[in-house]
S.K.: 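Structure below; questions to follow.
Since the structure is predicted, the reported quantities are computational estimates derived from the model, not experimental observations.
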Amino acid sequence: MKVLVTGFDPFGGDKVNPAYEAVKKMPEKIAGAEIIKVEVPTVFGKSSQVVKEAIQEHQPEIVICVGQAGGRSAVSFERVAINLAEARIEDNEGNQPFDTALEPEGPAAYFTSLPIKAMTKNVQEHGLPAYISYTAGTFVCNDIMYRLLHLIETEFPTIRGGFIHVPFSPDQVIDRPVGTPAMSLDDIAASLTYAVEAAIENKEDISGNAGTTH
């Protein structure tokens, strides 16, 4: 089995992106599966094209894209991606779309095909915080998740895929407001590792209430 795990390059003025830095720290094999690691650009459309090319080259069974969510305090597993680009800031090529459908003929939303409840549970059982999120935003993280799931729906139906958000790393919050959440790269990498382990070992998700009030 092969698992493709991607992470974004730095954006928004930061010199590092903990997404790919943590991905690089993951083991080369998890639960017997080969881990393929790929950096993707923080650019609308181009990031998913890199994913598509990596899928065609490596033929993975699972694809997990990872991105930074500054302000979150733990690794979070995204449930849904929406068919909308609404960029608060420019991407790394100066694009700032708004009121724009990612796929004009696509559905309003896609739900992840990863067993995110099992993944969350496995991370928590190893002593690390994790939770399920119901918004991937409207920037390039949502873009890559939506387009990945669209690729799975239209071209690669045997693949399971989804998206994970990770917090800032400690070096990123030095000049940010006091109290801005951060997590060490080692803990982020460990969380991703336990998540991938659960994705490999659970073809179907576990049952349980992961609802939120807001």
S.K.: So do the side chains of Ile62 and Leu4 get within less than 4.5 Å of each other, counting heavy atoms only?
M.R.: no
S.K.: Quick check against the 3.5 Å criterion: does Ser73 have a side-chain atom that pairs as donor or acceptor with the backbone of Pro181?
M.R.: no
S.K.: Linking I/L/V/M/F/W/Y whenever any side-chain heavy atoms sit under 4.5 Å apart, do Ile89 and Val140 land together?
M.R.: yes
S.K.: Looking at Lys117, I want to see if its NZ is surrounded by more than 12 non-hydrogen atoms of other residues, nucleotides or ligands under 6.0 Å.
M.R.: yes
S.K.: Do Phe111 and Arg79 have side chains that approach each other closer than 4.5 Å (heavy atoms only, starting at C-beta)?
M.R.: yes
S.K.: Closest approach of Asn92 and Gly12, non-hydrogen atoms and distance?
M.R.: OD1-N, 4.4 Å
S.K.: If you apply the rule side-chain hydrogen bond (donor to acceptor under 3.5 Å, both in side chains), what do you find for Glu197 with Asn122, and how did you get there?
M.R.: CA-CA 8 Å; Glu197 179 182 60; Asn122 199 39; 2.9 Å; yes
S.K.: Examine distances only and state if a side-chain atom of Asn142 and a backbone atom of Leu84 form a donor-acceptor pair shorter than 3.5 Å.
M.R.: yes
S.K.: Between Asn95 (side chain) and Glu90 (backbone), is there a donor-acceptor pair under 3.5 Å?
M.R.: no
S.K.: Is any side-chain N of the basic residue among Lys24 and Glu39 closer than 4.0 Å to the acidic one's carboxylate O?
M.R.: no
S.K.: Hey, could you give me the CG/CG distance between Asp91 and Asp143, rounded to the nearest 0.5 Å?
M.R.: 9.0 Å
S.K.: Would you check if Lys37 and Glu28 make a side-chain contact, meaning some heavy-atom pair closer than 4.5 Å?
M.R.: yes
S.K.: Considering all heavy atoms of both residues, which atom of Phe44 and which atom of Thr138 are nearest to each other, and what is their separation?
M.R.: CZ-O, 4.1 Å
S.K.: Ignoring hydrogens, what is the shortest heavy-atom contact between Pro167 and Pro18? Give both atom names and the distance.
M.R.: O-CG, 3.3 Å
S.K.: Could you tell me if Arg176 sits above the aromatic ring of Phe168, with its cationic atom closer than 6.0 Å to the ring centre and no more than 45 degrees from the axis?
M.R.: yes
S.K.: Cluster question for you: counting only ILVMFWY and a side-chain heavy-atom cut-off of under 4.5 Å, with indirect links fine, are Ile64 and Leu128 together?
M.R.: yes
S.K.: For Gly161, does its backbone N or O pair with a side-chain atom of Ser113 as donor and acceptor, under 3.5 Å?
M.R.: yes
S.K.: Return the CD1 to CD1 distance between Ile36 and Ile55, rounded to the nearest 0.5 Å.
M.R.: 12.0 Å
S.K.: Check whether any side-chain heavy atom of Tyr110 lies under 4.5 Å from a side-chain heavy atom of Tyr146, and answer yes or no.
M.R.: yes
S.K.: Heavy-atom distance under 4.5 Å between the side chains of Val166 and Leu192, does that happen here?
M.R.: yes
S.K.: Look up atom NE2 in His126 and atom OG in Ser191, then write down how far apart they are to the nearest 0.5 Å.
M.R.: 10.5 Å
S.K.: Would you call the rings of His165 and Phe163 parallel, tilted or perpendicular if under 30° counts as parallel and over 60° as perpendicular?
M.R.: perpendicular
S.K.: Determine yes or no for a side-chain-to-main-chain donor-acceptor pair under 3.5 angstrom, with Asn17 supplying the side chain and Ala19 the backbone.
M.R.: yes
S.K.: When you compare the side chain of Ile132 with that of Ser76, does any pair of heavy atoms fall below 4.5 Å?
M.R.: no
S.K.: Would you confirm whether Glu53, through its side chain, and Val50, through its main-chain N or O, come within 3.5 Å as a donor-acceptor pair?
M.R.: no
S.K.: How many angstroms lie between atom CG of Leu149 and atom CD of Glu78, to the nearest 0.5 angstrom?
M.R.: 11.5 Å
S.K.: Looking at every non-hydrogen atom in both residues, tell me the closest pair between Asp99 and Glu86 and how far apart they are.
M.R.: N-OE1, 2.8 Å
S.K.: Does any N or O in the side chain of Lys2 come within less than 3.5 Å of the main-chain N or O of His58, such that one atom is a donor and the other an acceptor?
M.R.: yes
S.K.: Side-chain contact test, heavy atoms from C-beta onward, threshold under 4.5 Å: evaluate it for Val40 versus Val51 and give yes or no.
M.R.: yes
S.K.: So do Pro157 and Ile152 actually touch side chain to side chain, heavy atoms under 4.5 Å?
M.R.: no
S.K.: Let me check something: do Ile82 and Leu148 share a hydrophobic cluster, defined by ILVMFWY side-chain heavy atoms less than 4.5 Å apart, either directly or through other members?
M.R.: no
S.K.: Determine whether more than 12 heavy atoms belonging to other residues, nucleotides or ligands lie under 6.0 Å from atom CD of Gln56.
M.R.: yes
S.K.: Would Glu155 and Arg147 pass as an ion pair if we require N to O under 4.0 Å?
M.R.: no
S.K.: Hey, could you give me the CZ/NE2 distance between Phe156 and His150, rounded to the nearest 0.5 Å?
M.R.: 11.5 Å
S.K.: Indicate yes or no: does Arg160 engage Asp205 in a salt bridge with an N to O separation below 4.0 Å.
M.R.: no
S.K.: Does Glu61 form a side chain to side chain contact (heavy atoms under 4.5 Å, CB included) with Thr158? I'd like the steps, not just the answer.
M.R.: CA-CA 7 Å; Glu61 286 82 1; Thr158 63; over 6 Å; no
S.K.: We want to know whether Asp171 and Ser169 form a side-chain donor-acceptor pair, criterion being a heavy-atom distance below 3.5 angstrom.
M.R.: yes
S.K.: What pair of heavy atoms forms the shortest contact from Cys141 to Phe8, and how long is it?
M.R.: SG-CE1, 3.9 Å
S.K.: Could you grab the distance from atom OG1 of Thr100 to atom CD of Glu103, nearest 0.5 Å is fine?
M.R.: 12.5 Å
